[in-house]
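The figures that follow rest on heavy atoms only: side chains count, while hydrogens, waters and symmetry mates do not.
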Amino acid sequence: IARTLRDLDLYSCSVTYIYAKDMANFGNLSTLNISPLITYIEPRSFSNMTNLVKLVVKFDLTSRALKAYTFVGLDKLTWIGFSFSGIYAIEAYAFYGMTSLNSLDMQMTSLAKIEPWSFYGLANLTSLALSMNKITSLWANTFSGLASLRKLLLFNNLISFVENGA
């Protein structure tokens, strides 16, 4: 059944961890809604989901980071939402491989740290919403590679330092 599914909603499930081996057979999904009880996503867990176009992530990763290469393989994904997810930090290359992504919503996530090159590879991203977080600094190369970016929302953060080249 996993090979034929197009939409998977794990929102009301008691799943707490997502491992790559457990997601290997869900390659035909176009929409995935992840449970708010998720506390860990193994990098490359979505690498087989080459048809995924919408990912809704409302889980509690409080004091956790989006790890590098977590979303490898999601090259058809156009929208991803993390609002209210409790994500504290984004590591460099966390979104690497998401070449079709045009909208990324990370408002109200508790986000405080964005490493340089975090958004690298998102050449088609047109909208990035980072409002209502705890961001204090923007480092050089934070937004490097966002050639198509038209809308950047940063209001209601605690930004006090912007390095040249951010």
Side-chain angles (χ1 to χ4, degrees), residues 2-11 15 18-36 38 40-59 61 64-109 111 113-133 135 138-154 165-166:
R3 294 183 193 279
T4 60
L5 281 180
R6 298 293 184 260
D7 299 308
L8 179 59
D9 188 339
L10 298 173
Y11 190 77
V15 175
I18 294 181
Y19 295 105
K21 65 179 177 62
D22 297 331
M23 303 305 286
N25 292 325
F26 291 97
N28 290 317
L29 288 181
S30 60
T31 304
L32 176 60
N33 187 353
I34 296 179
S35 168
I38 298 291
Y40 174 76
I41 298 176
E42 182 179 25
R44 303 182 196 282
S45 290
F46 307 112
S47 62
N48 273 1
M49 296 182 190
T50 56
N51 295 312
L52 200 65
V53 294
K54 183 175 182 183
L55 177 61
V56 180
V57 183
K58 292 197 176 177
F59 53 86
L61 282 179
R64 308 251 178 147
L66 285 180
K67 301 289 185 188
Y69 308 107
T70 295
F71 303 104
V72 166
L74 297 181
D75 56 352
K76 290 185 182 173
L77 194 70
T78 59
W79 183 90
I80 188 168
F82 287 99
S83 293
F84 306 103
S85 64
I87 295 168
Y88 177 79
I90 305 172
E91 289 185 3
Y93 307 104
F95 299 102
Y96 183 80
M98 299 177 78
T99 55
S100 296
L101 193 69
N102 58 46
S103 183
L104 175 56
D105 183 355
M106 297 194 73
Q107 296 183 96
M108 294 187 275
T109 64
L111 184 61
K113 181 181 178 188
I114 304 173
E115 289 185 6
W117 306 104
S118 290
F119 304 109
Y120 182 79
L122 298 179
N124 292 309
L125 192 72
T126 59
S127 176
L128 177 56
L130 300 170
S131 301
M132 297 172 273
N133 282 301
I135 301 166
L138 296 174
W139 302 99
N141 298 312
T142 296
F143 302 111
S144 289
L146 298 179
S148 301
L149 193 65
R150 300 294 175 256
K151 182 196 291 186
L152 175 60
L153 303 177
L154 287 166

**Q** Do the side chains of Leu32 and Phe26 get nearer than 4.5 Å, heavy atoms only?
**A**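 They are not in side-chain contact.
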
**Q** Calculate, to the nearest 0.5 Å, the distance between atoms CG and OG belonging to Asp105 and Ser127 respectively.
**A**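 Separation between the atoms: 7.5 Å.
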
**Q** So, Asn48 side chain and Gly27 main chain: donor-acceptor pair closer than 3.5 Å or not?
**A**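 Not at all, since once roles are kept as given, no pair shorter than 3.5 Å links the two residues.
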
**Q** If you take all heavy atoms of Pro43 and Ala68, which pair is closest and at what distance?
**A**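 In terms of heavy atoms, the two residues are closest at CB-O, 3.9 Å.
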
**Q** Between Phe119 and Phe143, what is the ring plane arrangement, given parallel below 30°, perpendicular above 60°, and tilted in between?
**A**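 It falls in the parallel class, under 30°.
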
**Q** Begin with the C-alpha distance, continue with both residues' side-chain angles, and end with the deciding distance and a verdict on side chain to side chain contact (heavy atoms under 4.5 Å, CB included) for Ser30 and Asp7.
**A** CA-CA 6 Å; Ser30 60; Asp7 299 308; 3.5 Å; yes

**Q** Pair Leu154, Leu138 - check side chain to side chain contact (heavy atoms under 4.5 Å, CB included), show working.
**A** CA-CA 11 Å; Leu154 287 166; Leu138 296 174; 4.1 Å; yes

**Q** Looking at CE of Met49 and CG of Asn25, how far apart are the two atoms once the value is rounded to the nearest 0.5 Å?
**A**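 One finds 10.0 Å between CE of Met49 and CG of Asn25.
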
**Q** Given 3.5 Å as the limit, does a donor-acceptor pair link the side chain of Thr142 with the main chain of Ala166, or not?
**A**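 Checked: no pair found.
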
**Q** Are Leu111 and Phe82 side-chain neighbours, meaning at least one heavy-atom pair lies under 4.5 Å?
**A**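 No, their side chains stay 4.5 Å or more apart.
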
**Q** Is the backbone N or O of Ala20 less than 3.5 Å from a side-chain atom of Glu42, with the two atoms forming a donor-acceptor pair by type?
**A**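 Here the side-chain-to-backbone pair exists.
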
**Q** Taking the six-membered ring for Trp, are Tyr69 and Tyr96 parallel (under 30°), tilted (30 to 60°) or perpendicular (over 60°)?
**A**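 Perpendicular, since the angle between the ring planes exceeds 60°.
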
**Q** Could you check whether Asn133 and Thr109, counting side-chain N and O atoms only, form a donor-acceptor pair closer than 3.5 Å?
**A**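 Yes - a donor-acceptor pair under 3.5 Å links their side chains.
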
**Q** Mind checking the CG-CG spacing from Leu52 to Asn28? Nearest 0.5 Å is all I need.
**A**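 Here the rounded value is 11.0 Å.
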
**Q** At what distance, to the nearest 0.5 angstrom, does OG of Ser47 lie from CG of Asp75?
**A**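 Separation between the atoms: 11.0 Å.
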
**Q** To the nearest 0.5 Å, tell me how far Leu128 CG sits from Leu130 CG.
**A**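 One finds 4.0 Å between CG of Leu128 and CG of Leu130.
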
**Q** What closest approach, in Å, do Ala140 and Pro116 show between heavy atoms, and which atom pair accounts for it?
**A**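 Minimum heavy-atom separation between Ala140 and Pro116: O-CB, 3.3 Å.
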
**Q** Using every non-hydrogen atom in the two residues, find where Met98 and Leu122 come nearest and quote the distance to one decimal.
**A**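 Shortest heavy-atom separation between Met98 and Leu122 comes out as O-CD2, 3.4 Å.
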
**Q** Donor-acceptor pair, distance only, cut-off 3.5 Å: does the side chain of Ser131 make one with the backbone of Gln107?
**A**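 No.
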
**Q** Would you say that Trp117 contacts Ser144 through its side chain, given a criterion of any heavy-atom pair below 4.5 Å between the two side chains?
**A**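 Yes, close enough: below the 4.5 Å cut-off.
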
**Q** Please answer whether the main-chain N or O of Lys67 pairs with a side-chain N or O of Glu91 as donor and acceptor at a distance below 3.5 Å.
**A**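 Not confirmed, Glu91 side chain does not pair with Lys67 backbone.
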
**Q** Indicate the atoms forming the closest heavy-atom contact of Phe95 with Ser118, along with that distance.
**A**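 In this case the closest contact between Phe95 and Ser118 is CD1-O, 3.4 Å.
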
**Q** Can you tell me how far apart CG (Leu104) and CG (Leu125) are? Round to the nearest 0.5 Å.
**A**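 So the gap between those two atoms works out to 6.0 Å.
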
**Q** Does Leu77 offer a backbone N or O that forms a donor-acceptor pair with the side chain of Ser100 under 3.5 Å?
**A**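 Between the backbone of Leu77 and the side chain of Ser100 there is no qualifying donor-acceptor contact (under 3.5 Å).
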
**Q** Work out which heavy atom in Ala89 is nearest to a heavy atom in Ile87; give both atom names and the distance.
**A**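 What the structure gives for the nearest pair is O-CG2, 3.4 Å.
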
**Q** So do Leu66 and Met106 actually touch side chain to side chain, heavy atoms under 4.5 Å?
**A**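 In short, these two side chains touch, coming nearer than 4.5 Å.
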
